[in-house]
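Working notes for the structure below.
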Amino acid sequence: MKKLLAEFFGTFWLVFGGCGSAIYAAAFPEVGIGLLGVSLAFGLTVLTMAYAVGHVSGAHFNPAVSLGLWAAGKFEGKHLVGYIAAQLIGAITAAGVLYLIVSGKSGFTGIGGFAANGYGELSPGGYNMISVLVTEFVLTLFFLLIILGSTYPKAPKGFAGIAIGLALTLIHLISIPISNTSVNPARSTSQALFAGGDFTAQLWLFWLAPIAGALLAGLIHKAFFDKA
């Protein structure tokens, strides 16, 4: 239960901090934080919670991470369902709180895209399905390689959270214009459920591509780097 609560709170913080920065602060008149600020916000959520609860649950906060670690032999399969459920509940709860806050704004008429992920017309830069699929696959693959490498027993101790947080920042710097950046099916699901419409219809891609990339990364690490 402690591990599941840690995953709940960690994923809540990731969605609340990352998506919240995009919803409230990115385009705030004259002093908005922009894409750089949103990228940093996502990285900071993972960095801070990695040190806060990483010793409890391993700080996955992402179904793709849990599955990638399982593929690498670093996580027991019997825990997958519980972890993924906790991550989804944490993400959806955070999205609900984000909705409650944004709906209290003066002149509120709707949530718009709500920091949801998409391709085609729903891509911030108008990128098509193939571009978004390749982007999410490649970035999640490297995200897992960084996680697996920085947490490896022979890696420098105490720095994994920094490497992982900076990796997520870089991932967002690359891909916010392409897909609004997922690499995390829980984060995508929570926002799509509230944004609705075509965002929900496109959600399949933001499960398929990150999970496929994570699984391949786990297999690569197990085959080539696990005994290094």
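Positions are given from 1 along the sequence.
Between L35 and L173, every side-chain heavy-atom pair lies at or beyond the 4.5 Å cut-off. You'll find the side chain of N184 stays beyond 4.5 Å of the side chain of P210, heavy atoms only. For the pair L14/M49, no side-chain contact is recorded, criterion being any heavy-atom separation below 4.5 Å from C-beta on. The shortest distance between side-chain heavy atoms of V132 and F206 falls below 4.5 Å. Counting only heavy atoms from C-beta outward, the side chains of V53 and F61 approach each other to under 4.5 Å.
Considering OG of S39 and CG of L166, their distance stands at 12.0 Å, rounded to 0.5 Å. Rounding to the nearest 0.5 Å places CG of L88 at 5.5 Å from OG1 of T189. Between the CG atom of L139 and the CG atom of L144 there is a distance of 12.0 Å, given to the nearest 0.5 Å.
Between the side chain of S123 and the backbone N or O of I178 there is at least one donor-acceptor pair closer than 3.5 Å. Proximity of a side-chain donor or acceptor of N128 to a complementary backbone N or O of S131 within less than 3.5 Å is detected. When atom types are taken as modelled, the side chain of T48 and the backbone of T45 share a donor-acceptor pair closer than 3.5 angstrom. With S57 contributing its side chain and G54 its backbone, the two residues share no donor-acceptor pair below 3.5 Å. Side-chain N or O atoms of T140 include none that pairs as donor or acceptor with a backbone N or O of F137 at under 3.5 Å. A donor-acceptor pair under 3.5 Å links the side-chain atoms of Q191 to the main chain of F114, judged by distance alone. A donor-acceptor pair is defined here as one N or O able to donate and one able to accept, closer than 3.5 Å; such a pair exists between the side chain of H172 and the backbone of L168. Looking only at distances, a side-chain donor or acceptor of K157 sits under 3.5 Å from a matching main-chain atom of P153. No donor-acceptor pair under 3.5 Å is formed between the side chain of E7 and the backbone N or O of Q87. At distances below 3.5 Å, not a single donor-acceptor pair connects side-chain atoms of Y127 with backbone N or O atoms of G118.
Criterion: ILVMFWY side-chain heavy atoms under 4.5 Å apart, direct or through other members. Under it, M1 and F12 are part of a common hydrophobic cluster. The hydrophobic clustering, which links ILVMFWY residues whose side-chain heavy atoms are closer than 4.5 Å, places V56 and L47 apart. Hydrophobic clustering of Ile, Leu, Val, Met, Phe, Trp and Tyr side chains at less than 4.5 Å, counting indirect connections, keeps I146 apart from Y152. With hydrophobic clusters built from ILVMFWY side chains whose heavy atoms lie under 4.5 angstrom apart, I111 shares a cluster with F16. Clustering ILVMFWY residues whenever any of their side-chain heavy atoms sit less than 4.5 angstrom apart, transitively, puts I164 in a cluster other than the one holding F159.
Other residues, nucleotides and ligands contribute more than 12 heavy atoms inside 6.0 Å of the OH atom of Y24. Within 6.0 Å of NZ on K74 lie more than 12 heavy atoms contributed by other residues, nucleotides or ligands. Within a 6.0 Å radius of CZ in F224, other residues, nucleotides and ligands contribute 12 heavy atoms or fewer.
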Test side-chain contact (heavy atoms from CB on, under 4.5 Å) on I89 and T93; report intermediate values, then the result. CA-CA 6 Å; I89 295 169; T93 303; 4.0 Å; yes
Do T181 and S175 pass the side chain to side chain donor-acceptor pair (under 3.5 Å) test, and can you show the C-alpha distance, the side-chain angles, and the key distance before you say yes or no? CA-CA 5 Å; T181 309; S175 61; 2.7 Å; yes
Do F42 and R187 pass the side-chain contact (heavy atoms from CB on, under 4.5 Å) test, and can you show the C-alpha distance, the side-chain angles, and the key distance before you say yes or no? CA-CA 11 Å; F42 271 100; R187 168 262 189 272; 4.1 Å; yes
May I have the step-by-step check of side-chain contact (heavy atoms from CB on, under 4.5 Å) for F142 and V183, ending in yes or no? CA-CA 10 Å; F142 275 88; V183 302; over 6 Å; no
Audit row: L205, M129, side-chain contact (heavy atoms from CB on, under 4.5 Å) steps and yes/no: CA-CA 8 Å; L205 186 148; M129 182 183 72; 3.6 Å; yes
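If you check the side chains of W207 and S182, you find no donor sitting under 3.5 Å from an acceptor. No side-chain donor from either of S179 and N117 sits under 3.5 Å from a side-chain acceptor of the other.
Cluster partners of L122, by chain and number: F199. The rule joins Ile, Leu, Val, Met, Phe, Trp and Tyr whenever side-chain heavy atoms lie under 4.5 Å apart.
Aromatic ring pairs are classed by plane angle as parallel below 30°, tilted from 30° to 60° and perpendicular above 60°; the pair F225 and H221 is tilted. Ring orientation note: the planes of F75 and H79 are tilted relative to one another, at an angle of 30° to 60°. Between Y83 and H60, the ring-plane angle classifies as tilted under the 30° and 60° cut-offs.
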